[in-house]
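On a predicted model such as this, the values are computed, not experimentally measured, just so you know. Throughout, protein chains are lettered first and strands after them, A, B, ... in sequence-line order, and every chain is numbered starting at 1.
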Number of protein chains: 2
Amino acid sequence: MVDVARHAGVSLKTVSRVVNKAPNVQQELVDRVLAAVDELGFRRNQLASALRSGQQTSTVGLLIEEIANPFYATIAQVAAEVAAGFDSLLITASSEEDPVREERLLRDLCARRVDGLLVVPAGYDHSFLRAEVEQGIPVVFLDRPAGGLVADTVLLDNRGGARAGVEHLLGEGHRRIGVLLDSIGVYTMRERLGGAQEALGAAGLPYDSHLVCDGVRDPVTAAQAVAQMLDAPDPPTAFFALNNRITVGVVQELWHRNSTASVVGFDDFELSHLMPLPLTVIAYDTRELARQAAELLFARIAKQNLWPRTVVLPTRLVNRGLR
Amino acid sequence: MVDVARHAGVSLKTVSRVVNKAPNVQQELVDRVLAAVDELGFRRNQLASALRSGQQTSTVGLLIEEIANPFYATIAQVAAEVAAGFDSLLITASSEEDPVREERLLRDLCARRVDGLLVVPAGYDHSFLRAEVEQGIPVVFLDRPAGGLVADTVLLDNRGGARAGVEHLLGEGHRRIGVLLDSIGVYTMRERLGGAQEALGAAGLPYDSHLVCDGVRDPVTAAQAVAQMLDAPDPPTAFFALNNRITVGVVQELWHRNSTASVVGFDDFELSHLMPLPLTVIAYDTRELARQAAELLFARIAKQNLWPRTVVLPTRLVNRGLR
DNA sequence: ACCGACTTCGACAACGTTGTATGGAGTGGG
DNA sequence: CCCACTCCATACAACGTTGTCGAAGTCGGT
């Protein structure tokens, strides 16, 4: 900028005014400065600008589990769209479900002085963020609540969705329903399992541990679990898969066996309507989840110190009955 | 940092040394400083640090079309993984195939002084990046080459893959093969169409414009195009879909009609093996594409001024014959 | 006792930008 | 003709950090 000023024969500050489109600069000087900017290939340094002018890096941090997962990719997409409306960019970081990594990344993002944080929490304790929040970095959690920290949160109605899914199967006459979940350690899985058990309990069906399978992390494990359940005495006649990876594995195994068991899966996914079996899913609007979270974040960035809000978004059952 | 220094009764510079784990500081002072840091909740400001110490923001920019697309999401994931190995984070920006937006975003990323850029180009002309490259920001292009700029590039063998796909259909005895593509304006589509036509030409089949359908942007359009081709006189007996969105639409329409036409699709996708029809695809290693590009970028960041390289990665035909 | 090498720490300037205070030129009213 | 006022441009300091240099202290060897 010094060079530009010299080249245009004006002061440093005048250059600053021109590149920031500030008023009160003669047109002639504006032209001279712009010419110099062009000639020298000058680019304003955002770092220095943000450093000097208090805080506005026009950058928000997004912490998710892994960007390759379509659910998180959609969140990233929408968050970026909303951010673009505020001339902001997104720094996306993946925690890979490791609380230690999560904390390191969040601290790093704060050190970069992002304007705000959008977090799908992996760990249980986020109290370390309190200092940052008090220093003025707004945080919005989505999909799962934070631990040890009162903050804005946008969630799905996991419990209600799961209840609806099980009720659907009960309505079809099923009485033995196999439930498969990723890990009871994950908030969403606990909620969904809770909802499923509420519905089973309300129908007067006793809890049967043989019908619940924890630790199903991928489609292959899901297929094995289904096989094992079907080969056991008094097998289930229907399955409720608590996420879409599990659903895929269940469908694959049932199709492989030509089984006629019914399936309801939590989470819709891109090609669910092309699956070789009739598949009913509990769907929700991932874009809406992300949109609400991102807009809440930017509202907080614009106007601090409002009471934290929690928003719960509905799910809906998509019935793709028999073909 | 000034406050910390005062609080610990040491100089500013000593605090700097401690937080950067520089040598030659008495253990006692280290402890005093760390205590003060803890007590005051001090966080080093990365912006100021990067500003002062020349250039190292530990941030790289990734420009893609849209993060929600699994192809780009995979690229983002791998790029972030590689970046993490260099203690860097990723700023991901979506051009949405708009060259104007692309240029704006790239300039913005440069203004943020990212250490390097990973770009899936949307526009035709990237000469505006030359100034930035000369200023020392390395750029690696992937999936498509840059326009008007010699730079490192990592590509797929689109042409060879398409040739193999068509040869596969020819080998099955098909002589009328419908080819559907997104847009001739996109580099990958041009290459793939070129490869397909090479294979058809080599088999002595004349060019038939009724068998090529441009402008197929989504599965619905693809289904319509397939319907139209099948309803025309002398319909194709096989289809070659030049990307996975098109493939899905083709499969959907053929399945809907109980058609026995063969399909080869460029791009593998997550549930391709569960499609209701036998589906052969031209697959490639997206992770490898991204890995090579990201590693090339960090090599350039570490050691500038090497001659630009172009890497072409192979594709492979995954034959999922009749069921 | 003296020298040189090494260790430890602090004062100061600088990175590239913007906020603040100030000065000088031009305008209009009394 | 002077004063108050607006408009435009400049000089200077400051944001939070790190590089440079030099001062002070320590230690071993002569």
Verdict with supporting geometry, Leu156(A) and Thr188(A), side-chain contact (heavy atoms from CB on, under 4.5 Å) = CA-CA 9 Å; Leu156(A) 294 174; Thr188(A) 48; over 6 Å; no

[X] has an atom [atom1]; how far is it from atom [atom2] of [N], in whole Å?
| X | N | atom1 | atom2 | value |
| --- | --- | --- | --- | --- |
| Gln27(A) | dC7(D) | CD | P | 17 Å |
| Gln26(A) | dA25(C) | CD | P | 14 Å |
| Asn24(A) | dA25(C) | CG | C1' | 15 Å |

Kindly say whether Arg309(A) contributes a backbone atom to a donor-acceptor pair with the side chain of Asp152(A) at under 3.5 angstrom?
->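 Side chain of Asp152(A) to backbone of Arg309(A): a pair is present.
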
Is the backbone of Ala151(B) close enough, under 3.5 Å, to the side chain of Thr153(B) for a donor and an acceptor to pair up by distance?
->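 Side chain of Thr153(B) to backbone of Ala151(B): a pair is present.
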
Are Arg107(A) and Glu103(A) ion-paired here, with the side-chain N under 4.0 Å from a carboxylate O?
-> yes

Salt-bridge present (Asp108(A), Arg112(A); N to O < 4.0 Å) = yes

Which parts of nucleotides 13-21 of chain D does protein reach within less than 4.0 Å, heavy atoms only, written one letter per nucleotide 5' to 3' as B for base, S for sugar-phosphate only and - for none?
-> BBBBBBBB-

Counting just side-chain N and O atoms, does Ser11(A) come under 4.0 Å of either OP1 or OP2 of dA9(D)?
-> no

Partner set under ring pair (Phe, Tyr, Trp, His ring centres under 6.0 Å) for Phe141(A), not counting sequence neighbours =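 Here the qualifying residues are His126(A).
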
